[in-house]
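Right, I'll just put the structure down here and ask away after.
Order of the sequence lines sets the chain letters (A, B, ...), proteins ahead of strands, with each chain counted from 1. Everything quoted here is computed from the prediction, not taken from an experiment.
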Amino acid sequence: MASIDLEKMLAKVKASQWALADIDWDAPGAELVTEEQWPKLKAFMADLMWIEHVGARGFAAMARKAPNDTLKEIYTYFHAEEQRHANAEMALMKRWGMLDGDRVPEPNKNLRLVIQWLDRYSDDMPLEVLGSVIPMLEIALDGALCTFLLDTVDDPVCHQAFARINDDESRHLGVGFHVLEMQGHGDLYMKVLKTLGTILDPRLILGIASYAPLLNRMRDNVIAMGLGEERLYAAMKKFERIGGRTADGRRNPWYQIISRHGRIVVNRRQRFYHGPVDAMVRLTDLIPDRVMPSRVPTWVKGITYKPVV
Amino acid sequence: MSETDESRITTNEAPAATPPKATARKAAPGKRAVKKAAPKKTAAKKAASKKTASKKAPRKAATRKPAAKPASVLIVGAGFAGLGMAIRLKKAGIDDFVILERGDDVGGTWRDNTYPGAACDIPSNLYSFSFAPNPNWSHSYSGGAEILDYIHYLVSAFGLREHIRFQHNVTALDFDARRGLWTAELEGREPLRARAAVMAQGPLSNARFPDIDGVEDYQGKKIHSARWDHDYDFTGKRVAVIGTGASAVQIIPELVEKVRSLKVFQRTPAWVIPRPDFRTPDWNKTLFRALPASQRAVREALYWTHETMAMAVIWNSPLTRLAERLARRHLRRQVTDDWMRRQLTPDFRIGCKRVLVSNDYYPALRKDNTQLITWPIAKFSENGIRTADGVEHELDCVVFATGFDVPKSGTPFPVRGRAGRELGEEWARGAQAYKSINVAGYPNLFFLFGPNSGPGHNSALVYMEAQLDYALRGVHRLLDDNLKLLDVKPTVQARHNKQLQKRLARTNWNSGCKSWYLTEDGFNATMFPGFATQYRAQMATFEDGDYDSEPR
């Protein structure tokens with residue numbers, strides 16, 4: 001039912017390209033960010049930018065795994081588009097005077113762990129895993145963080161940029177759910193076996209260990225900015241709703257795992273989950289810099305706020 | 001009746017003039033080699049004294065058309081193939097042929113591709129005609145300028161220039177079945193007729209520009225690799241190279257030395273293997289000159305080395321894995337950064353697309369003024385290129401190393417055969433021929449580098465020589481038996497192609513990647529699925545039973 005024509009989607013993606021240069025980053029309105037908002041917004045934007053950037057790397061891994069050329073090309077574009085979002089968000093930060101010179105803001109430690117994990121293992125992960133995690137992250141961004149930003153920040157340039165970003169994200173989600181459904185086809189038994197096989201993979205366990213605290217940290221950030229956490233949760237429920245609207249989608253074991261995990265994330269009473277994960281967030285903050293992975297992969301440096309280079 | 005022997009007529013006979021001395025000139029930049037190369041007058045003069053039949057006064061006008069006596073053979077194109085055909089005809093005593101060339105010089109691909117760094121991926125001792133060896137190659141892999149010198153040498157040594165009609169652009173070929181004649185329609189000139197026609201227009205003769213949005217909006221300099229602008233000064237410029245194929249990997253290392261910044265836009269990385277290139281020592285040249293058999297032995301050795309590569313490149317075998325390992329090691333040695341390695345690692349089997357040979361491509365990408373960009377290109381703007389990551393790259397010059405429009409379907413100009421059939425229509429969904437050289441319904445017409453004649457692992461000239469011999473046999477049959485037409489039987493052609501496609505299905509080319517070998521529908525009309533030795537065996541027999549013929 002919800003199937004989309006990937007060929008048409010690719011054509012649409014190609015036809016909907018935009019560039020940083022399409023936006024006037026010096027237009028008036030920057031002053032609409034209040035002094036009170038500024039420091040929290042700075043932290044929030046830095047995280048957001050990094051999450052987009054990290055999502056981009058996820059798409060790069062997915063392009064490698066795509067079962068056909070069209071999907072491969074779509075993912076190649078999505079990889080670039082996520083980078084474009086990160087670039088645009090950095091441009092906003094530049095506009096709001098949140099950058100230290102030309103320097104890219106440091107990612108927080110959870111992000112650094114995720115970056116490290118993505119860099120080392122994402123290319124080895126099956127499409128099923130990435131294909132489920134990425135829509136979850138996207139929907140959290142699309143549904144909660146971005147709309148929230150637009151509610152609290154009055155700067156018209158911000159609205160202009162996020163209108164375009166949201167437009168892209170809606171296509172990413174469309175394809176994301178389509179793939180979830182695509183993977184629901186086939187022998188359930190095989191899928192369960194394959195899923196179990198992957199779960200036991202230590203590389204994935206490391207991945208989970210970075211992903212879970214990242215979600216909780218995002219929740220904390222959101223609350224710090226004054227957003228009701230319900231907004232984030234509502235968005236995560238959307239994943240469950242849209243992903244589960246067809247039998248194929250529901251049959252995808254990874255959809256089941258991720259959405260159940262989402263349910264746990266939104267339920268604060270799940271102490272057995274939140275206790276340790278929140279502790280992990282605090283713990284990661286305590287990891288001394290010298291034991292953090294020191295080598296920064298070069299793809300991390302590809303980000304820029306400059307419309308023209 | 002079949003014949004396998006006759007063609008051996010003249011192989012390895014040394015030509016009249018001496019082969020070109022290796023020029024000290026570096027491969028390509030600056031002036032074209034063309035002017036200087038027209039050397040060695042002796043042979044040319046000798047040949048010029050023999051007037052060809054076609055130059056005699058026109059026969060009594062029987063038609064309203066200006067009816068010069070039809071030539072025996074007309075050849076379209078004065079590149080390696082057309083000139084090779086001419087040499088074989090001449091040596092066989094067939095002198096009344098014409099070569100129609102749309103440009104104003106010989107050399108085809110090597111006349112057009114004069115970009116800096118242009119060179120051949122096959123060792124020169126194998127990328128040359130066995131019947132015209134050149135002991136003076138300066139390098140194991142010689143540059144484009146030296147190859148062009150060799151071509152000019154062929155022209156003068158075999159006295160071909162008088163046969164060539166420059167600036168004769170063929171716009172159509174029509175077959176007159178009643179008379180058994182081909183007519184070549186020419187742009188702005190009277191048509192020309194001949195009993196046999198040879199299509200030697202070359203598969204790589206039309207430059208291809210990519211279909212990117214806004215390319216016409218871009219105001220900066222645009223250069224195609226096959227139409228190089230030697231007057232443009234790259235010094236201090238911001239330059240982009242689009243494409244990372246065989247031409248690009250040769251251009252990039254040269255450009256990077258001159259430009260301020262070089263941005264390389266890559267869509268799909270190719271497999272790159274090291275090139276065992278070295279300068280030919282003087283004693284080697286002396287040896288080849290004194291003892292031609294030694295050069296033949298080297299050629300043989302090179303031939304068989306390349307034949308072995310077929311096992312890696314054409315079919316999926318343990319050697320394929322080995323070749324991939326070699327290529328990966330080459331990458332690992334030359335590129336230290338993980339992400340860049342990932343960007344440069346192909347995700348298809350080696351051989352599926354053309355394998356590149358280079359020692360200096362990867363190091364060039366690592367230079368401080370070079371940037372490898374793998375984001376898709378969204379569009380051109382007035383000042384440069386916008387990539388899908390939302391960034392505009394401001395540029396002074398864009399180099400299109402985007403290759404050629406390789407005809408896999410259709411023909412470069414209308415070719416009309418018997419009963420009004422048109423080849424372009426028949427080939428619309430993929431070209432087909434018999435043994436790559438004849439097409440049923442188009443008698444007396446020979447294709448050089450026709451459908452399914454492409455090598456992926458060995459010298460194109462080895463394949464070409466086999467085609468030249470075959471075409472020569474066909475022409476002989478026509479002239480000696482005074483035939484009006486010689487037309488391959490459709491059933492024979494169909495059977496041949498059925499087998500061919502069956503064999504192609506098992507090759508690496510058809511293993512799932514997109515390449516210029518395949519049509520949009522994935523039909524392989526380009527490559528020959530086998531060893532060069534198999535191709536030569538296929539071309540070595542001319543079975544009369546395969547053809548319908550009619551006497552004049």
Taking A:N87's backbone N and O only, do any of them form a donor-acceptor pair with B:D389's side chain (distance below 3.5 Å, no angle check)? no
Turns out that what part of A:A60 lies under 4.5 Å from chain B's heavy atoms comes down to both
To the nearest 0.5 angstrom, please state how far the CZ atom of B:R342 sits from the OG1 atom of A:T298. 11.0 Å
Residue among A:Q17, A:E81, A:H85 with most heavy-atom pairs under 4.5 Å to chain B: A:Q17
Checking A:W18 against chain B: side chain, backbone, both or neither under 4.5 Å from a heavy atom? backbone
Whatever's closer than 4.5 Å to a heavy atom in chain B on A:R57 counts as side chain
Checking heavy atoms, do the side chain of A:H79, its backbone, both or neither come under 4.5 Å from chain B? both
What I'd like to find out is whether the side chain of A:D22 reaches to under 4.5 Å of the side chain of B:R386, using heavy atoms alone. yes
Non-hydrogen side-chain atoms of B:T387 and A:Q83 separated by less than 4.5 Å: no
Rounded to the nearest 0.5 Å, how far does NZ of B:K514 lie from CD of A:E73? 6.0 Å
Identify which one of B:E394, B:K263, B:E392 satisfies the side chain to side chain contact (heavy atoms under 4.5 Å, CB included) criterion when paired with A:V309. B:K263
Chain B contact via A:K72 - which portion, at a heavy-atom distance below 4.5 Å: side chain
What heavy-atom pair brings A:R64 and B:T345 nearest, and what distance separates the two atoms? NH2-O, 3.6 Å
Flag if over 12 foreign heavy atoms under 6.0 Å of CD, B:E520: no
Quick check: under 4.5 Å, non-hydrogen atoms only, which of residues 365-380 of chain B neighbour chain A? B:W375, B:P376, B:I377, B:A378
What part of B:R267 is in contact with chain A, defined as an atom under 4.5 angstrom from a non-hydrogen atom: side chain, backbone, both or neither? neither
B:R321, CZ: over 12 other non-hydrogen atoms inside 6.0 angstrom: yes
More than 12 non-hydrogen atoms from neighbouring residues, nucleotides or ligands closer than 6.0 Å to CG on B:D211, yes or no? no
Answer yes or no: does atom CZ of B:R341 have more than 12 heavy-atom neighbours from other residues, nucleotides or ligands under 6.0 Å? yes
